[in-house]
Amino acid sequence: MDTDTIAAISTAMGEAGISIIRVSGPKSISIVDQIYQGKHTLQEALTHTVHYGYIVHPETKERIDEVLVTIMKAPRTFTREDVVEISCHGGLIPVQEVLEAVLSVGARLAEPGEFTKRAFLNGRIDLSQAEAVMDLIRSKTDRAAKIALQQHEGRLSRLVSQLRNEILETLAHLAVNVDYPEYDAEELTGQFIKKRSLEILRKVEELLQTARQGKIYREGIATAIVGRPNVGKSSLMNTLTQENKAIVTDIPGTTRDVIEEYVNVRGIPLRLLDTAGIRETEDVVERIGVERSRQALQQADLILLLLNYAEPLQQEDLRLLQLIEPMTAIVIANKMDLPQQLDLDEVHRLIGDKPLITTSLKEETGIIQLEEAVASLFKMGQVQAMDGTYVSNARHIHLLEKARKSITEVVDGIDAGMPLDMVEIDMKNAWQYLGEVIGDAVAEDLIDQIFSQFCLGK
């Protein structure tokens, strides 16, 4: 890595005003200088300056594109290496030709996430901050973006590092007793260790309390819109997304597959799944769609079950109401702009304490009440994180849970009168697990796996 210079397109492919090719490594400035044509050479340039010119073909010297080249010299860069960013015209052809020119004079194509990986390996950010980069890119709501940005700024890192320091101080007290028992009272040390462990345990549990909300903000709530045909499922999808994502007709069975789309509801990202109407059908294609709908129903975190306000309950409705009984669900009686035929008292009796919302998607009424029901159901905002920090990454949650288990075993071991050298093992395990969160103690293959999930050019 010390001698490699890497390059990649860092903006999305397609037509755009500009595209950016990022180059990082010890030879990045000299490499780009070979294909740059301007008033001055790039090697003469001061750090953090922008230069107007052209990128030319390395052999024919024919101009490829008009560009702005930004020079950033180590260590004040994202990767802590020399970095050059070439801003060229957007579009498939110009950006690809500029990248090929850079690669032809000595750079190699970067692997997915390699720029961020270098920032981590060069000590600019820790592993949790690196993972927050992708969370920020993939965030679906402003709240999710804010949480990712806070993590990228190091809020979670500081909390985890503080917990590790507290464990380290506790281990020091343990080491005195284990190595020099004649100078210490084991009973007093045990009580001190228990008190410190309970304080650490409380802080870990406070972080884990934010995990459910943090994960929702990061990944969204998988929300299946279900109901028998022609009750308004696709209309609900279109109303929430404010787009015509799904075909809406009076013909039953129009939706043949599961349509997926993200929508922001009160800052909560819902991953909406508009499913085919669940009914018995002889149509082969529709039957496949119905089966996929059943699968989506089982995998969803939230069910939005639509009933027809203008019709009595049908057998398909009753089957669906029975199916969602153990699930988190909101029942929606749609088409309230038509004369009422649905017995709402009966529906209340069947669904128990599940919310029941009446809507007219045709007139877009009842949507505010639906959004309020979603926010209330998931109690968003009621769990306040330490220092405003939410744990959202599944890997971090898993490691914090393992750390909690180890610290709990420390407390249980002291209560059971276990020798302190045995208790010390569990305390060290907790320290290790927390270290894996920020990358202080993590295997190389795991690092490779994490960064391989990044987009190319980041």
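Residues: numbered from 1 along the sequence shown.
For the atom pair CE of Met427 and CG of Leu168, the computed distance is 10.5 Å after rounding to the nearest 0.5 Å. Here CG of Asn165 is found 9.0 Å from CG of Leu163. Values are rounded to the nearest 0.5 Å. Within the model, atoms CG of Leu377 and CG of Asp301 stand 11.0 Å from one another, a figure rounded to the nearest 0.5 Å. Rounding to the nearest 0.5 angstrom, the gap separating the CG atom in Leu350 from the CG atom in Leu313 is 6.5 Å. We find the CG-CD distance between Leu270 and Glu371 to be 9.0 Å, quoted to the nearest 0.5 Å. Atoms NZ and CD1, on Lys233 and Ile225 in that order, are 9.0 Å from each other to the nearest 0.5 Å.
Between the side chain of Arg164 and the main chain of Trp431, a donor-acceptor pair closer than 3.5 Å is present. In this structure a side-chain-to-backbone donor-acceptor pair under 3.5 Å is present from Arg80 to Asn122. Of the possible polar contacts, one joining the Thr408 side chain to the Arg404 backbone as a donor-acceptor pair under 3.5 Å is found. Between the side chain of Asp412 and the backbone N or O of Glu409 there is no donor-acceptor pair closer than 3.5 Å. Using modelled atom types, no side-chain atom of Thr77 and backbone atom of Ala74 make a donor-acceptor pair closer than 3.5 Å.
Closest of all the heavy-atom pairs between Ser24 and Phe115 is CB-CE2, 3.6 Å. For the pair Val102 and Ile31, the tightest heavy-atom approach, listed with the atom from each and the gap, is O-CG2, 3.8 Å. Across Leu156 and Val391, no two heavy atoms sit closer than the pair CD1-CG2, 4.3 Å. Nearest heavy atoms, Ile357 versus Gly366: CG2-O, 3.7 Å. The nearest pair of heavy atoms linking Ala222 to Arg271 is CB-NH2, 3.4 Å. Nearest heavy-atom pair, Ala430 versus Ile407, reported as atom, atom and distance to 0.1 Å: CB-CG1, 3.6 Å.
Looking at Ile18 and Thr11, their side chains never come closer than 4.5 Å, going by heavy atoms from C-beta outward. Between Val95 and Ile21 there is a side-chain heavy-atom pair separated by less than 4.5 Å. Proximity of Leu240 to Leu272: side-chain heavy atoms (C-beta onward) are separated by under 4.5 Å at one or more points. Inter-residue side-chain proximity for Pro26 and Thr5 is flagged as met; some heavy-atom pair is nearer than 4.5 Å. Under the 4.5 Å side-chain criterion, counting only non-hydrogen atoms from C-beta, Thr359 is not in contact with Tyr309. Within the 4.5 Å cutoff, the side chain of Ile425 has no heavy atoms near those of the Val423 side chain. In this structure, the side chains of Asp4 and Arg118 come closer than 4.5 Å at one or more pairs of heavy atoms. By the 4.5 Å heavy-atom criterion applied to side chains, Thr47 and Ile71 are not counted as neighbours.
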CA sep, side-chain torsions, deciding dist, call: Ile397, Leu208, side chain to side chain contact (heavy atoms under 4.5 Å, CB included): CA-CA 7 Å; Ile397 294 168; Leu208 282 170; 4.2 Å; yes

Working for salt bridge (charged side-chain N to carboxylate O under 4.0 Å, His left out), residues Arg228 and Glu311: CA-CA 12 Å; Arg228 57 188 173 86; Glu311 292 180 3; 2.7 Å; yes

Stepwise, does the side chain to side chain contact (heavy atoms under 4.5 Å, CB included) test hold for Leu370 with Ile330? CA-CA 8 Å; Leu370 175 59; Ile330 297 173; 4.0 Å; yes

One pair to check against side chain to side chain contact (heavy atoms under 4.5 Å, CB included): Lys362 and Lys335. What are the steps and the verdict? CA-CA 7 Å; Lys362 183 178 179 181; Lys335 303 189 181 182; over 6 Å; no

Could you go step by step and tell me if Val347 and Leu342 meet the side chain to side chain contact (heavy atoms under 4.5 Å, CB included) rule? CA-CA 8 Å; Val347 175; Leu342 184 66; 4.1 Å; yes

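Other residues, nucleotides and ligands place no more than 12 heavy atoms under 6.0 Å from the CD1 atom of Ile368. By the neighbour-count criterion of 12 heavy atoms within 6.0 Å, atom CD of Glu372 is densely surrounded, having more than that number from other residues, nucleotides or ligands. Within a 6.0 Å sphere centred on CE of Met422, other residues, nucleotides and ligands contribute 12 heavy atoms or fewer. In the displayed structure, His48 atom NE2 is contacted under 6.0 Å by more than 12 heavy atoms of other residues, nucleotides or ligands.
Salt bridge status for Glu199 with Lys203: absent, with no side-chain N to carboxylate O gap under 4.0 Å. Between Glu114 and Arg108 there is a salt bridge, since a side-chain N of the basic residue sits under 4.0 Å from a carboxylate O of the acidic one. A salt bridge does not link Glu436 to Lys402: none of the charged side-chain nitrogens sits closer than 4.0 Å to a carboxylate oxygen. Between Glu401 and Lys405 no salt bridge is recorded (no basic side-chain N to carboxylate O distance below 4.0 Å). We find that Arg196 and Glu166 are not joined by a salt bridge, their nearest charged nitrogen and carboxylate oxygen being 4.0 Å or further apart.
A donor-acceptor contact closer than 3.5 angstrom is absent between the side chains of Asp82 and Ser28. Residues Ser157 and Asp126 bring a donor and an acceptor atom of their side chains to less than 3.5 Å of each other. In this model, a donor atom of one side chain and an acceptor atom of the other lie less than 3.5 Å apart for Asp337 and Ser360.
Residue pairs meeting the salt bridge (charged side-chain N to carboxylate O under 4.0 Å, His left out) criterion with at least one member in residues 69-78: none, sequence neighbours excluded.
Checked options Val204, Leu399, Ile438; the residue passing with Val160 is Ile438 (criterion: side-chain contact (heavy atoms from CB on, under 4.5 Å)).
Taking the ring centre of Phe78 as origin, the terminal cationic atom of Arg124 falls outside the region bounded by 6.0 Å and 45° from the ring axis.
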